[in-house]
Amino acid sequence: MRPVAWSNWAGTESSRLARVATPRSEAEVVEEVRRAAARGLRVKAIGAGHSFTGVAVTDGVQLRLGAMAGVTSIDATRGEATVRAGTALRVLNEELETFGWALPNLGDIDRQSLAGATGTGTHGTGLRLTGLSAGIRALRIVLADGSVVDCSPTREPELFAAARLGLGALGIVTELTVAVVPAFLLHAVEKPEPLLDLLDHLDEAVETNDHFEFYWFPHTDRTLTKRNNRVEPGTDASPLPRWRERLDDDLLSNRFFELTNRVATRLPRSTRLINAVASRALTERQYTDRSHRVFVTDREVRFAESEWAFPRAALGDVLLELRAWVDAHDEQISFPVECRVAAADDVWLSTAYERESAYVAVHRYHRQRPGAYFDAFEAIAVNHGGRPHWGKIHTRDAGDLRGVYPRFDDFVAVRDRVDPQRRFANPYLDRVLGV
């Protein structure tokens with residue numbers, strides 16, 4: 001069989017696959033894992049390919065789980081939904097809404113599969129809300145020997161603790177039971193604010209809103225802030241007018257943004273002027289809509305991304321140090337810097353493990369090289385006790401990461417037990433977890 005070429009969404013990773021399989025059931029996943037083992041091939045599951053790192057790369061068998069999708073049951077008493085692992089977040093949000101339920105928190109992209117998003121540590125924003133992995137109540141996983149394990153806090157608790165955010169290193173997750181809440185509306189207020197003024201009252205903004213995030217435009221002192229808050233039951237939705245949604249979210253944030261990034265790539269010296277214009281193009285707006293429509297932003301412009309989590313109190317210092325570096329160097333940065341805050345959790349490899357966390361994410365247009373910008377940001381991050389997002393670009397290895405994840409060795413011990421021959425390994429996992 002000829003090797004099959006594959007690359008991820010951003011074009012940052014590619015490989016030649018020995019075989020591609022699209023299982024439609026857990027039994028077919030078991031069959032593929034056993035067949036790969038018999039042929040001496042590694043095997044990896046893939047969702048939407050939205051990670052920027054090589055976490056899901058393989059040169060062996062790639063399992064595309066998109067056919068294993070959909071909600072299988074909802075337990076209203078417990079507030080839980082059981083979902084097939086390949087379900088795209090976009091599909092999950094719509095299915096849950098049909099039954100009057102929603103995920104309590106989301107990131108700003110919904111293209112990922114549920115297993116891929118939880119397996120790499122996708123998070124949203126909100127000081128009292130955790131990332132998606134912390135909402136997992138139980139899961140089913142196919143191990144390297146082809147056995148299928150149901151795990152939860154009371155069944156195989158060590159495997160469950162590791163597999164909630166397992167990086168695909170422990171097996172193939174086929175089904176997850178996740179916490180859900182009654183469907184709700186969010187009132188969104190989005191407006192520009194000066195950077196230094198915002199940092200002066202950052203704690204207040206974070207603590208008095210259900211969800212608060214902001215974007216800083218490099219080479220300017222301007223930000224765009226987003227405050228999202230739940231409304232009282234019975235409140236009517238008041239979504240954006242269609243013309244405003246098309247203007248802001250389609251024309252300005254995607255089509256025009258694609259054009260300006262192409263111009264900035266060809267004419268780097270135009271970047272500062274472009275950012276000055278872009279930071280003023282999106283004006284204040286307010287609306288009330290279904291939660292997932294407020295959380296999620298359509299991202300059509302392709303990019304590479306690096307994101308790090310810090311102790312919450314470090315956010316201002318990290319951002320000011322990054323701004324000072326940008327001002328002192330001849331790097332033209334056309335993408336805004338995204339800043340969020342989330343609650344602490346107890347997931348072993350979560351970036352928010354046992355600490356309230358601030359997240360800062362930097363981006364480069366996919367036609368531009370990350371260059372010294374990503375390197376400088378990583379150096380700042382490391383100096384502030386940062387933990388890199390597992391699905392986003394970084395250079396850390398197991399020796400570095402062991403020092404910032406208190407349960408790192410516990411995770412590795414579970415991996416050694418369930419996959420001693422490294423059937424689910426790849427070069428990225430060899431680097432971040434050890435061989």
key: Within-4.5 Å side-chain heavy-atom neighbours: T118 and L139   = no

Residues in side-chain hydrogen bond (donor to acceptor under 3.5 Å, both in side chains) contact with S350, at least two apart in sequence or another chain = D345

key: Where V55 and L167 come nearest, the two heavy atoms and their spacing   = CG2-O, 3.6 Å

request  = State whether the side chain of T177 and the backbone N or O of T82 hold a donor-acceptor pair below 3.5 Å, judged by distance alone.
outcome  = no

inquiry  = Please give me the minimum heavy-atom distance between F335 and P218, naming the atom from each residue.
reply    = O-CD, 3.5 Å

task = Taking E307 for its side chain and H389 for its backbone only, find out whether a donor-acceptor pair lies under 3.5 Å.
result = no

query = Between the side chain of S152 and the main-chain N/O of T154, is any donor-acceptor distance below 3.5 Å?
reply = yes

query = Going through the checks in order, is the side-chain contact (heavy atoms from CB on, under 4.5 Å) test met by H363 and E305?
reply = CA-CA 4 Å; H363 312 73; E305 180 177 357; 3.4 Å; yes

key: Side chain proximity check, D249 to N254, heavy atoms < 4.5 angstrom   = no

query = Under 3.5 Å, is there a donor-acceptor pair linking the side chains of E378 and T395?
reply = yes

message = Quick one, L89 and E94 - any side-chain contact, counting heavy atoms below 4.5 Å?
response = no

query = Short question: side chain of T130, backbone of A343 - any donor-acceptor pair under 3.5 Å?
reply = no

request  = Please confirm whether the backbone N or O of Y353 pairs with a side-chain atom of R387, one donor and one acceptor, at under 3.5 Å?
outcome  = yes

task = Would you confirm whether the ring centroid of Y405 sits within less than 6.0 angstrom of the ring centroid of W390?
result = yes

query = How about F424 and T58: do any of their side-chain heavy atoms sit closer than 4.5 Å?
reply = no

key: Side-chain donor/acceptor of N228 to backbone N/O of H211, under 3.5 Å   = no

Residues, nucleotides or ligands: over 12 heavy atoms within 6.0 Å of E300 CD = yes

F257 to P336 - nearest heavy-atom pair and separation = CZ-CD, 4.0 Å

request  = Using the salt bridge (charged side-chain N to carboxylate O under 4.0 Å, His left out) rule, collect all pairs that involve residues 116-130, keeping only residues at least two apart or in two chains.
outcome  = R128-D210

request  = Compare every heavy atom of G146 with every heavy atom of V30, then report the nearest pair and how far apart it is.
outcome  = CG1-O, 3.4 Å

inquiry  = Strictly distance-based, threshold 3.5 Å: is any side-chain N or O of D397 a donor or acceptor partner for the main-chain N or O of D400?
reply    = yes

key: Non-hydrogen side-chain atoms of Y359 and E213 separated by less than 4.5 Å   = no

request  = Compare all side-chain heavy atoms of V382 with those of R396 and state whether any distance is below 4.5 angstrom.
outcome  = yes

task = Take E207 and R312 through the test salt bridge (Lys or Arg N to Asp or Glu O under 4.0 Å) and record every step on the way to the result.
result = CA-CA 12 Å; E207 292 167 8; R312 173 191 161 194; 2.5 Å; yes

task = Take atom CZ of F256 as the centre, draw a 6.0 Å sphere, and report whether it contains more than 12 heavy atoms from other residues, nucleotides or ligands.
result = no

ask   = Do E331 and R364 meet the salt-bridge criterion of a basic N to acidic O distance under 4.0 Å?
value = yes

note = Applied to residues 156-168, the salt bridge (charged side-chain N to carboxylate O under 4.0 Å, His left out) test, sequence neighbours excluded, yields R164-D346

key: Distance in Å, S147 OG paired with R34 CZ, rounded so as to fall on 0.5 Å steps   = 8.0 Å

ask   = Above 12 or not: heavy atoms from other molecules or residues under 6.0 Å from CZ of R244?
value = yes

Contact summary for A36 and V61, nearest pair of heavy atoms = CB-CG2, 4.0 Å

task = Tell me, yes or no, whether the heavy-atom count around R402 atom CZ, taken from other residues, nucleotides or ligands under 6.0 Å, exceeds 12.
result = yes

task = State, yes or no, whether a side-chain contact exists between L92 and R84 at a heavy-atom distance under 4.5 Å.
result = no

key: Side chain T125, main chain F212, donor-acceptor under 3.5 Å   = yes

request  = Give a yes or no on this: more than 12 heavy atoms of other residues, nucleotides or ligands lie within 6.0 Å of atom CG of D59.
outcome  = no

task = Could you tell me whether the side chain of T260 reaches within less than 4.5 Å of the side chain of S334, counting heavy atoms only?
result = no

ask   = Is the centre of the F303 ring less than 6.0 Å from the centre of the W9 ring?
value = yes

ask   = Is it true that atom CZ of R285 has more than 12 heavy atoms of other residues, nucleotides or ligands lying nearer than 6.0 Å?
value = yes

key: D75 backbone acceptor or donor facing T77 side chain under 3.5 Å   = no

task = Evaluate the criterion salt bridge (Lys or Arg N to Asp or Glu O under 4.0 Å) for residue pair R255 and E258; output intermediate values, then yes/no.
result = CA-CA 5 Å; R255 298 187 188 188; E258 172 74 33; over 6 Å; no

query = At their closest point, which heavy atom of H394 faces which heavy atom of R431, and how far apart are they?
reply = O-NH2, 3.4 Å

query = Checking N8 side chain against S51 main chain: does a donor-acceptor pair fall under 3.5 Å?
reply = yes

